[in-house]
Visitor: 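First the structure, then my questions, so here it is.
Source: prediction; values computed, not measured. Chain letters run A, B, ... following the sequence lines, proteins first, then strands; residues in each count from 1.
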Amino acid sequence: MKIWLMKSEPDVFSFEDLKTAKNKTTLWEGVRNYQARNFMRDEMKKGDIVLFYHSNCAEPGIVGLAEIASGEAYPDPSQFDPKSNYHDPKASRDNPRWVVVDVRYKKSLKHPVSLKEIKAHPKLSEMKVAQRGMRLSVQPVEEVHYKILQEEFWTGSSSA
DNA sequence: GCCAACGTTGGC
DNA sequence: GCCAACGTTGGC
């Protein structure tokens, strides 16, 4: 079981949007970075934990927990859609370039863990997301960091 | 809105 | 294959 951090701009698609989505599930469309794609295509497994991260907003940080709900990655339909912002003219149905996975809402957090808190924490500051210039929108999270998040932020009254 | 850091593109 | 130019990300 792996743990992932997935970024989304709340103006585009927020954790609240995921919670209210049909079946509380969405396909994670629009990833247009090869490294991120390869994680989704090669390494994600159904049931993996997802830390849902809000980026490019007033309070960037981890706002909720989700999980991978699809068995395998499959072609991102938006790449074939000329009207989509995510359209990729170089992709074809015979030779798709981009994939999606399904992400399902799991749990909200009463107290999101802000990027500020992550950076201020002696261990969490090692996380990729805290590193300077790190733009990768899908990134693996080390188990030790997930444990710290659980034990120091999400136990007892701090989890919803 | 600014801008540093990054990834991609394309000319050569 | 190099690398300058460009577009994007995302914190601040």
Side-chain angles (χ1 to χ4, degrees), chain A residues 2-21 26-44 48-68 73-142 144-146 148-150 152-154 158:
Chain A
K2 288 205 171 80
I3 303 145
W4 305 95
L5 182 143
M6 297 174 86
K7 296 181 187 173
S8 187
E9 301 189 18
D11 288 347
V12 179
F13 190 85
S14 70
F15 190 60
E16 202 56 31
D17 291 331
L18 180 63
K19 188 178 182 179
T20 54
T26 191
L27 73 176
W28 200 265
E29 66 174 14
V31 169
R32 295 294 179 267
N33 169 285
Y34 290 103
Q35 213 183 336
R37 178 202 67 181
N38 293 347
F39 281 134
M40 294 200 294
R41 187 189 60 190
D42 303 335
E43 298 199 38
M44 280 188 176
D48 281 0
I49 296 163
V50 174
L51 312 182
F52 197 111
Y53 180 91
H54 279 172
S55 68
N56 204 13
C57 55
E59 271 280 302
I62 300 166
V63 293
L65 296 179
E67 66 185 342
I68 302 300
Y74 55 98
D76 182 343
S78 68
Q79 69 191 306
F80 309 125
D81 179 1
K83 283 176 300 210
S84 168
N85 285 338
Y86 301 129
H87 179 235
D88 182 348
K90 291 181 182 158
S92 66
R93 302 215 176 246
D94 289 342
N95 193 12
R97 247 191 210 210
W98 307 110
V99 299
V100 291
V101 292
D102 293 338
V103 174
R104 183 191 296 135
Y105 169 90
K106 222 172 161 186
K107 191 170 166 188
S108 301
L109 300 170
K110 263 187 199 159
H111 303 296
V113 181
S114 68
L115 179 60
K116 210 181 295 176
E117 288 173 293
I118 291 170
K119 283 182 167 172
H121 190 283
K123 294 300 282 181
L124 293 182
S125 58
E126 296 167 357
M127 290 178 73
K128 284 199 198 318
V129 74
Q131 280 155 34
R132 161 191 177 81
M134 172 45 75
R135 312 194 320 195
L136 195 58
S137 65
V138 174
Q139 49 183 259
V141 172
E142 286 179 37
V144 57
H145 296 143
Y146 180 61
I148 291 169
L149 288 165
Q150 281 186 306
E152 298 184 20
F153 294 88
W154 300 335
S158 63

Visitor: By nearest heavy atom, map A:Arg97 and A:Asn56 onto DNA chain B; which one lands nearer the 5' end?
Guide: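 Final value for this comparison: A:Asn56.
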Visitor: What is the first contacted nucleotide of DNA chain C and what is the last, in 5' to 3' order, if contact means an atom lying under 4.0 angstrom from a heavy atom of chain A?
Guide: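 Range of nucleotides touched by chain A: C:dG7 to C:dC12.
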Visitor: Tell me every residue that passes side-chain hydrogen bond (donor to acceptor under 3.5 Å, both in side chains) with A:Tyr53, counting only those two or more places apart in sequence or in another chain.
Guide: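 A:Tyr53 satisfies side-chain hydrogen bond (donor to acceptor under 3.5 Å, both in side chains) with no residue once adjacent residues are dropped.
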Visitor: Taking only residues two or more places apart in sequence, or in another chain, which ones meet A:Glu126 in a salt bridge (charged side-chain N to carboxylate O under 4.0 Å, His left out)?
Guide: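 Partners of A:Glu126 by the salt bridge (charged side-chain N to carboxylate O under 4.0 Å, His left out) criterion, ordered by chain and then number, come out as A:Lys123.
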Visitor: If the condition is salt bridge (charged side-chain N to carboxylate O under 4.0 Å, His left out), which residues does A:Arg41 pass it with, not counting sequence neighbours?
Guide: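 Not a single residue meets the salt bridge (charged side-chain N to carboxylate O under 4.0 Å, His left out) criterion with A:Arg41.
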Visitor: Just to be sure I understand the rule, does A:Lys116 reach a base, reach only the sugar-phosphate, or reach nothing, if contact means heavy atoms closer than 4.0 Å?
Guide: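 No contact.
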Visitor: Of A:Lys90 and A:Asn33, whose closest DNA chain B nucleotide lies nearer the 5' terminus?
Guide: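 That would be A:Asn33.
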Visitor: Report the residues that fulfil side-chain hydrogen bond (donor to acceptor under 3.5 Å, both in side chains) with A:Ser14, sequence neighbours left out, ordered by chain and then residue number.
Guide: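 So A:Ser14 forms a side-chain hydrogen bond (donor to acceptor under 3.5 Å, both in side chains) with A:Asp17.
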Visitor: Near DNA chain C, counting only heavy atoms under 4.0 Å, which residues of residues 6-16 of chain A show up?
Guide: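 A:Lys7, in order of number.
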Visitor: Can you name the residues that form a salt bridge (charged side-chain N to carboxylate O under 4.0 Å, His left out) with A:Arg37, not counting sequence neighbours?
Guide: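 With neighbours one apart ignored, the set is empty.
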Visitor: For A:Asp81 and A:Tyr86, what are the C-alpha separation, side-chain angles and deciding distance, and is it a side-chain hydrogen bond (donor to acceptor under 3.5 Å, both in side chains)?
Guide: CA-CA 8 Å; A:Asp81 179 1; A:Tyr86 301 129; over 6 Å; no
Visitor: List in chain and number order the residues that pass salt bridge (charged side-chain N to carboxylate O under 4.0 Å, His left out) with A:Asp88, two or more places apart in sequence or in another chain; answer none if no residue qualifies.
Guide: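 Partners of A:Asp88 by the salt bridge (charged side-chain N to carboxylate O under 4.0 Å, His left out) criterion, ordered by chain and then number, come out as A:Arg97.
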Visitor: Name all residues meeting the side-chain hydrogen bond (donor to acceptor under 3.5 Å, both in side chains) criterion together with A:Lys128; count only those two or more places apart in sequence or in a different chain, and write none if there are none.
Guide: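 A:Lys128: no side-chain hydrogen bond (donor to acceptor under 3.5 Å, both in side chains) contacts found.
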